[in-house]
Amino acid sequence: MGKLRVGVAGLGTVGAGLVKLFADPRSRLNEKLELVAVSARDRARARGVDVSRYRWFDDAVEMAASPDVDVVVELIGGADGTAKAMVEAALKRGANVVTANKALVATHGVALIQMAEASGAKLLFEAAVGGGVPMVKALKESVAGCRADAVTGILNGTCNYILTEMETSGRSFGDVLREAQQMGYAEADPTTDVGGFDAAHKLAILCAIAFGARPDLEHVRIEGIERVTLTDIRLAGKLGFRIKLIAKGASTDGGVEMHVRPALLAFDHPLANIGGSLNALVVDAEPVGQLTFIGRGAGEGPTASSVASDLMDIAEDRASAAFGKPLALLADAPRAAPPERGRYYLRFLVGDRPGVVAAISERLAHEDISIESFLQMPVHEGPAVPIVLTTQACARAAVERAVKAIEALEVVTEPPYVMPVEPSARGWRAN
Ligand SMILES: NC(=O)c1ccc[n+]([C@@H]2O[C@H](COP(=O)([O-])OP(=O)(O)OC[C@H]3O[C@@H](n4cnc5c(N)ncnc54)[C@H](OP(=O)(O)O)[C@@H]3O)[C@@H](O)[C@H]2O)c1
């Protein structure tokens, strides 16, 4: 049998990285595959790699529909538009598709797999989650025979970079974000990243595979890192914690619970030392126990290598079902409530007056919430001073009521900020 003919649409960071890998004589890609066609918007653009020897398509959908292309690679991005149209065109005619597009897979995964199953095509997307880290494969294959209980990840490199830089350089969220934008680490409109939406796309995909359920982006509770201040990072550090944007999914008796939000991690938590643009995933599964996967979550090389790995699976005829099993076998898992009990970090900004601490403690005690650690720093944020504390394990509803009561105090100058403390022992129910 001849080599599989590959067409790549999108020649930006990831696409150019893939073309370079095809051009590397020591890559195994060329043993069974051959890059024959490319597509992007601007044919004249320099891409750091020669694309002139491949057939050029101005229209990516036309390339996806071409009978001269056996495997279609979509590296354009976006949940809709050309990316979706070209993937549909390929799947409808039975051509296998590889994509790095988490927005597309998280939003339209079910419909796309229906098309793939109808035509007998495969849809693979290792690069869509965790860049170069083989998270999809680990869940689909390595723990396939286990019962997955939880996946907990650092899935957005931009947020992780910002939080790490704030901690190490002592600069504010705004300053670090501006610098990240200038250096090309963050988008001009950073909402998708800092708002937690990118991590939510990835989490929805991982949970579908881990828990054998249909991808369910709408049920991810999402909170970004915009409210995390330098004070939070410093004071949490003094209390023995690091702040990370955590994407977590858990399979419980009541269904699947998924959330993306900043959380405090004790320094010995497996994710606490994942710095900069690294990504990581902790999988809790029985009977294997806890597994941790770490690596570069973005960038040309790591992401192209995940795309290449999917291409090799297709070439060597070992590509598995998109979410690990056929669509008909994926459950419609109900949305579970977040855990009822946990430990929390609370930050209040208050007027610098006597009696404030007593007033806060009183309202916490009224809700039966015990304080685990407490810090009042002599740093002023405008006319106010921050007070932060962590609670012992307590009821989530009680914390919500106490925080509301404290917010109503006249001395409290802005809405309190609450973050969960991640359980440090292994397992979702470790608290
Ligand atoms: N960058 C990463 O580290 C990374 C990591 C994981 C996953 N991903 C995912 O990989 C995908 C690609 O990301 P990227 O960072 O490589 O994006 P990028 O650098 O912005 O490149 C996008 C490419 O798509 C091309 N394009 C845009 N509209 C097109 C259209 N209508 N028809 C044909 N081509 C079109 C652009 O063409 P021109 O160059 O001519 O403008 C460009 O080459 C996205 O889904 C992203 O989420 C990226």
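These numbers were taken from a predicted model, which means no experiment stands behind them. Start at 1 with the first residue, then count along the sequence. Order of appearance sets the numbers: ligands from 1, and atoms from 1 within every ligand.
- Looking only at distances, a side-chain donor or acceptor of Glu74 sits under 3.5 Å from a matching main-chain atom of Ile76.
- Remark: the backbone N or O of Pro339 is paired with a side-chain donor or acceptor of Arg396 at under 3.5 angstrom.
- What sits closest to atom 31 (N) of ligand 1 on the protein, heavy atoms only, is Thr82 OG1, 3.1 Å.
- Protein heavy atom closest to atom 32 (N) of ligand 1, with residue, atom name and distance, is Ile76 CD1, 3.7 Å.
- What sits closest to atom 5 (C) of ligand 1 on the protein, heavy atoms only, is Thr303 OG1, 3.3 Å.
- Of the polar atoms of Gly299, at least one N or O is found under 3.5 Å from an N or O of ligand 1, judged by distance alone.
- One finds a salt bridge joining Arg347 and Glu414 here, because a Lys/Arg side-chain nitrogen approaches an Asp/Glu carboxylate oxygen to under 4.0 Å.
- Leu203 and Leu155 make their closest contact through N-CD1, 4.0 Å (heavy atoms, listed as atom of the first residue, atom of the second, distance).
- Residue contacts with ligand 1, taken as heavy atom pairs separated by less than 4.0 Å, do not involve Glu300 at all.
- Contact check for Ser142 versus Phe293: no side-chain heavy atoms found under the 4.5 Å cut-off.
- Ranked by closest heavy atom to atom 43 (O) of ligand 1, the top entry among Asn101, Asp42, Leu11 is Leu11.
- Residues that satisfy the side chain to side chain donor-acceptor pair (under 3.5 Å) test with Glu300, not counting sequence neighbours, are Lys20.
- Looking only at protein heavy atoms, the nearest one to atom 47 (O) of ligand 1 is Lys102 NZ, 3.1 Å.
- The distance from ligand 1 to the heavy atoms of Gly77 drops below 4.0 Å at these ligand atoms: 44 (C), 45 (O).
- What sits closest to atom 39 (O) of ligand 1 on the protein, heavy atoms only, is Arg47 NH1, 2.8 Å.
- When each atom of ligand 1 is checked for a heavy atom of Ala298 under 4.0 Å away, the hits are 3 (O).
- Looking only at heavy atoms of the protein, atom 48 (C) of ligand 1 is closest to Val14 CG2, 3.5 Å.
- With Gly17, Gly10, Ala127 as candidates, the residue nearest to atom 24 (O) of ligand 1 on a non-hydrogen basis is Gly10.
- Nearest protein heavy-atom neighbour of atom 21 (O) of ligand 1: Gly12 CA, 3.2 Å.
- Checking atom 17 (O) of ligand 1 against the protein gives no heavy-atom contact under 4.0 Å.
- The atoms of ligand 1 that sit less than 4.0 Å from any heavy atom of Leu75 are 12 (C), 22 (C), 23 (C), 24 (O).
- Among protein heavy atoms, atom 37 (O) of ligand 1 sits closest to Arg41 N, 3.3 Å.
- Counting only heavy atoms from C-beta outward, the side chains of Thr391 and Glu372 never approach each other to under 4.5 Å.
- Each of Thr99, Val87, Thr107 was compared with Leu112 under the side-chain contact (heavy atoms from CB on, under 4.5 Å) criterion, and only Val87 meets it.
- Minimum heavy-atom separation, Gly7 to Val69: N-CG1, 3.5 Å.
- In summary, Asp313 and Lys122 do not engage in a salt bridge, as defined by a charged side-chain N under 4.0 Å from a carboxylate O.
- By the 4.0 Å heavy-atom criterion, Arg43 is excluded from the residues contacting ligand 1.
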Worksheet item: Should Glu316 and Arg28 be marked as a salt bridge (charged side-chain N to carboxylate O under 4.0 Å, His left out) after you check the CA-CA gap, both sets of side-chain angles, and the distance that decides it?
Response: CA-CA 12 Å; Glu316 297 186 340; Arg28 285 187 53 215; 2.9 Å; yes
